[in-house]
Amino acid sequence: MKKLFFAALVIFISCTKKEALPPATLLRVPNSSQLAWHSMELNAFVHFTVNTFTDKEWGYGDESEKVFNPTECNPEQWVSVLKKAGFRGLILTCKHHDGFCLWPSQYTEHSVKNSVWKKGKGDLVHEVAEACKQAGLKFGIYLSPWDRNHKDYGSPAYVEYYRNQLKELFTLYPDVFEMWFDGANGGDGFYGGKRETRKIDGRTYYDWPTTLNIVRGFDPSVIFFSDAGPGVRWVGNERGIAGETNWNTISSDTLFAGKGGIEKLLNEGSENGKQWIPAECDVSIRPGWFYHSSEDSLVKTPEQLFDIYLKSVGRGSLMLLNIPPDKKGLFHENDVKSLQGFRKLLDEEFKTNIAFHASARGGFRGEDQKYSTSNLTDGNDSTYWALDDEYTSGSFEIDFEKKVKVKYIVLQEFIKLGQRVKSFSVEVQKAGSWSKILEATTIGRKRILKLGPIEVDKIRVNILASRACPIISNVEVY
Ligand code: FUL
């Protein structure tokens with residue numbers, strides 16, 4: 001009896017020893033909308049308005065509604081091209097700085113309802129939202145706060161107008177995943193015929209907290225983009241490039257729409273930031289945001305788009321690529337060709353993950369299999385490798401058991417429990433000897449780094465410093 005009791009006790013103790021508690025959530029973490037946003041990776045921006053027909057980038061606000069006349073407008077073409085290229089969402093300029101609305105808003109005459117297009121009976125926001133729904137793409141809204149057409153811009157009456165339009169949009173076209181609040185304001189405009197310069201105080205004029213609450217009342221899961229978030233932040237440039245060091249955290253109290261001189265901070269975030277506000281990398285496939293036939297030969301090549309992908313998605317951010325429809329209301333063939341080439345490159349470069357189910361070795365948390373190194377290569381995002389709480393550095397090795405040619409390594413942190421890694425290095429073993437190939441800083445949601453092409457037998461990742469015990473959910477090698 002006594003023997004049995006001791007045997008049971010030994011089994012009990014050894015079992016409990018190998019069951020470690022999960023790491024504690026670290027400081028700031030993403031909410032569920034932000035987590036879903038992170039995994040979208042590739043979204044499209046669509047800039048389309050009177051500017052497309054007047055050959056401008058910023059319409060003054062005095063354009064006749066009649067100029068808006070896309071002769072073959074077909075959002076299904078846009079969406080089908082995007083879908084094939086792997087895009088998950090589309091954000092449409094429902095109203096740009098010129099104030100022209102792509103839906104027949106009841107609050108203004110400056111909209112498609114007074115255009116030639118579909119004899120004023122068209123509703124482009126509806127058409128695009130519908131096309132997205134049919135194709136399974138998420139739909140987002142850009143509604144420019146700066147309105148160079150509206151007579152009341154600069155006074156409280158305009159803020160009321162802006163909020164009414166938001167209510168209208170969210171009632172007519174529900175299921176909006178992201179709202180884009182552009183910080184631009186150049187001052188001068190038509191303003192109902194006054195043709196003057198109007199400056200506003202970006203910190204106070206729009207009273208964003210009230211506006212956001214109104215929208216949240218319609219849909220609490222909407223992601224808000226602005227320079228300062230609160231959902232996602234601007235990356236600090238319009239080239240689509242995130243910082244090599246890229247923290248998803250930042251303290252938003254010193255940021256506000258239109259504030260200059262903070263580009264580096266926006267680009268890199270801050271390790272001790274008080275909020276989780278990841279950077280979104282917006283960039284256009286052409287030099288301008290709107291279509292200009294003079295830029296038909298200046299469409300970014302598949303190689304350029306791939307490079308931006310590595311510097312946005314591959315630095316833990318999201319790539320928001322603008323493709324402006326032409327005067328016909330179609331994506332131009334040069335843009336389509338480039339998107340197809342971009343997809344082809346992505347498929348070729350990331351064709352076979354040779355780390356999938358490869359043997360991964362290293363110590364792990366509490367010797368509990370739940371946190372073991374095998375989680376790194378199991379292709380499952382919800383399992384992860386973690387170390388004990390007292391370790392903020394540590395290594396693991398991927399053994400290919402033969403010589404393999406590698407070009408890229410992809411690392412992912414389990415960001416649901418916060419962003420932790422501050423620096424890491426990658427070593428490769430070739431014919432029995434190790435050499436360091438690279439050293440980098442943050443990982444975040446995804447880090448893609450070029451290793452070669454180089455022949456190796458093993459790869460070792462050393463986490464050199466981390467805000468708390470490192471938690472890595474995925475390693476891929478191509
Ligand atoms: C900027 C705007 O002024 C551009 O026209 C464009 O919409 C870009 C995405 O944001 O602030």
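Not measured: the values here are computed from a predicted model. Just follow the structure's listing: the first ligand is 1, and inside any ligand the first atom is 1. Basis for what follows: all heavy atoms, side chains included, without hydrogens, waters or symmetry-related copies.
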Visitor: Salt bridge or not for K300 and D307, using N-O below 4.0 Å?
Guide: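 Looking at K300 and D307, the cut-off is not met.
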Visitor: In a table with atom names and distances, give each donor-acceptor pair under 3.5 Å that connects a side chain of residues 26-35 to protein atoms at least two apart or in another chain.
Guide:
| residue | atom | partner | partner atom | Å |
| --- | --- | --- | --- | --- |
| R28 | NE | K274 | O | 2.6 |
| N31 | OD1 | S33 | N | 3.1 |
| N31 | OD1 | Q34 | N | 2.8 |
| S33 | OG | S221 | O | 2.9 |
| Q34 | OE1 | N31 | N | 2.9 |
| Q34 | NE2 | G231 | O | 2.9 |
| Q34 | NE2 | W276 | O | 2.8 |

Visitor: Using a strict cut-off of less than 4.0 Å between a Lys/Arg side-chain nitrogen and an Asp/Glu carboxylate oxygen, indicate whether E178 and K138 qualify as a salt bridge.
Guide: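 Salt bridge between E178 and K138, a charged N being under 4.0 Å from a carboxylate O: no.
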Visitor: Provide the full list of salt bridge (charged side-chain N to carboxylate O under 4.0 Å, His left out) pairs with a residue in residues 64-82, sequence neighbours left out, each pair given once.
Guide: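 Found none.
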Visitor: Using the side chain to side chain contact (heavy atoms under 4.5 Å, CB included) criterion, which residues pair with N272? Sequence neighbours excluded.
Guide: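 N272 satisfies side chain to side chain contact (heavy atoms under 4.5 Å, CB included) with R467 only.
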Visitor: How about CD on E244, more than 12 heavy atoms from neighbouring residues, nucleotides or ligands closer than 6.0 Å, or not?
Guide: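 Incorrect, the count does not exceed 12.
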Visitor: Protein residues near ligand 1, heavy-atom distance below 4.0 Å?
Guide: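 Residues F45, H47, W58, H96, H97, Y142, W180, D182, A184, E238, D282, W289 each place a heavy atom under 4.0 Å from ligand 1, listed by chain and number.
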